[in-house]
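A short write-up of the structure that comes next.
Chain letters run A, B, ... following the sequence lines, proteins first, then strands; residues in each count from 1.
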2 protein chains.
Amino acid sequence: MARAGLTAERLTQAGAELADEVGFDQVTLSALARHFDVKVASLYSHVTNSHDLKTRIALLALQELADRAADAVAGRAGKDALVALGNVYRDYAREHPGRYAAMHFRLDRETAIASAGVRHSAMTRAILRGYDLTEPDQTHAVRLLGSVFHGFATLELEGGFSNSSPDSQESWTRTLDALDALLRAWPAPE
Amino acid sequence: MARAGLTAERLTQAGAELADEVGFDQVTLSALARHFDVKVASLYSHVTNSHDLKTRIALLALQELADRAADAVAGRAGKDALVALGNVYRDYAREHPGRYAAMHFRLDRETAIASAGVRHSAMTRAILRGYDLTEPDQTHAVRLLGSVFHGFATLELEGGFSNSSPDSQESWTRTLDALDALLRAWPAPE
DNA sequence: GAATCTACCTAAATGCATTAGGCAAAACCG
DNA sequence: CGGTTTTGCCTAATGCATTTAGGTAGATTC
């Protein structure tokens, strides 16, 4: 019989697309086998198990998003960089909800350290160079920005903002304005 | 044979506890049946299916957290209220990670509208009375606060803040300081 | 062209979700 | 209290996802 030409990479890619279509939780080896018109057991030659597949999708998403973020912040500074980075996160979540969810798949410690995840915090820290923050405050600000970006993207995807009147795009713009103002006037501890 | 005395409420309660122990995703009818030393099929007399059970756990969590939040903001205003509300969210996520995750289980429209979820945004809006925001800006601020609270709680649970040096408690305190400062000097649109 | 490798296969065990149909404990009711 | 109804829990069976063991044929190598 003809071979399907599977590789871990093709499975990961197809898994990522499937995640965007039906949700990360619904990504199953069975569904993937159907997609490639192959028996499920055959997939085990390429990935060790379902957890491994999900890990690979998570790593793919982390890297894709880190690449986009790096592109976005290159040559920008201050609010310009802040807005660019924020938009990259939000847009990625909306274009690729499955991959975005995959990024928050629990990775074991060493995998996480070797992942593109570390580039994300580095880039957030980088845009803070355009603001005047002391070292420890930079860390707090990195965490705050991460919280806002992730929180907004998640709640927006969940439809939490879809009912009430001002559309979420406007809230997003104003949120970025607010964050810029906040970083320019970062308060001292009380 | 003796009866186990199951009810939808007991199943929901036990499901919530199980969620906190092993994660919301791992809450299964099978596990619950084992817990009550009963056959799985028996549970279908009390909940219509697995989705129904998860919905009930989500509603329980939404209500518990709304009750706590209402307690916390009662008799407080301004930053005092902001800090109290933020802490309720964060503490609930840390004490009850499974229930916290359950709250973000996708509810169908009518269920969501009838849920305690609406009380949450109402309370967030309430604490903004201590700040001087115009009507549309209140909505933006509600969404920003929701994003920060949810984002911070989620990232902290995921362990995103656990590696680097300043502990997350300090970042949380500074985040609340920053939000208070931001709300007191909310920027006009650009 | 023979030998090796490996991509994909069949078969089978396990676990969760769900439905259909049965029995006996509880609850109701005269 | 005795009979009837209700219903809580059961057994049995099906479907689907995961995973492992072991086989076969197509691709690769010499």
[X] has a side chain; which of [options] sits nearest to it?
X     : options                : value
B:Y44 : D:dT19, D:dT18, C:dT19 : C:dT19
A:S50 : D:dC10, C:dC9, D:dT19  : D:dT19
A:H46 : C:dC8, D:dC10, D:dG8   : C:dC8
A:A41 : C:dT10, C:dT18, C:dC16 : C:dT10
A:V40 : D:dT19, C:dA17, C:dT19 : D:dT19
A:L29 : D:dC10, D:dT20, D:dT19 : D:dT19

(request) Could you check whether B:S45 gets within reach of a base, just the sugar-phosphate, or nothing at all, counting any heavy atom under 4.0 Å? (result) base

(message) Please classify the nucleic acid contact of B:L6 as base, sugar-phosphate, or nothing, using heavy-atom distances under 4.0 Å.
(response) sugar-phosphate

Does the side chain of [X] get closer than 4.0 angstrom to OP1 or OP2 of [N] through an N or O atom?
X     : N      : answer
B:S30 : C:dG15 : no
A:R34 : D:dA17 : yes
A:T28 : D:dT18 : yes

(message) Please check if the number of heavy atoms outside B:R94 that lie under 6.0 Å from its CZ is greater than 12.
(response) yes

Quickly work out the [X] [atom1] to [N] [atom2] distance and round it to whole Å.
X     : N      : atom1 : atom2 : answer
B:D52 : C:dA17 : CG    : P     : 13 Å
A:D25 : C:dC16 : CG    : P     : 17 Å
A:L11 : C:dC8  : CG    : P     : 9 Å
B:K39 : C:dC23 : NZ    : P     : 18 Å
A:H51 : D:dT20 : NE2   : P     : 14 Å
A:F36 : C:dA7  : CZ    : P     : 15 Å
B:L43 : D:dC10 : CG    : P     : 9 Å

(request) Starting at OG1 of A:T111, measure out to CG of A:L107 and round the result to the nearest 0.5 Å. (result) 6.0 Å

(request) Any chance you could measure B:L11, atom CG, to B:L29, atom CG, to the nearest 0.5 Å? (result) 8.5 Å

(message) For A:Y92 together with A:H96, are the ring centres under 6.0 Å from each other?
(response) yes

(request) Taking the six-membered ring for Trp and the full ring for Phe, Tyr or His, determine whether the centres of B:F152 and B:Y89 are under 6.0 Å apart. (result) no

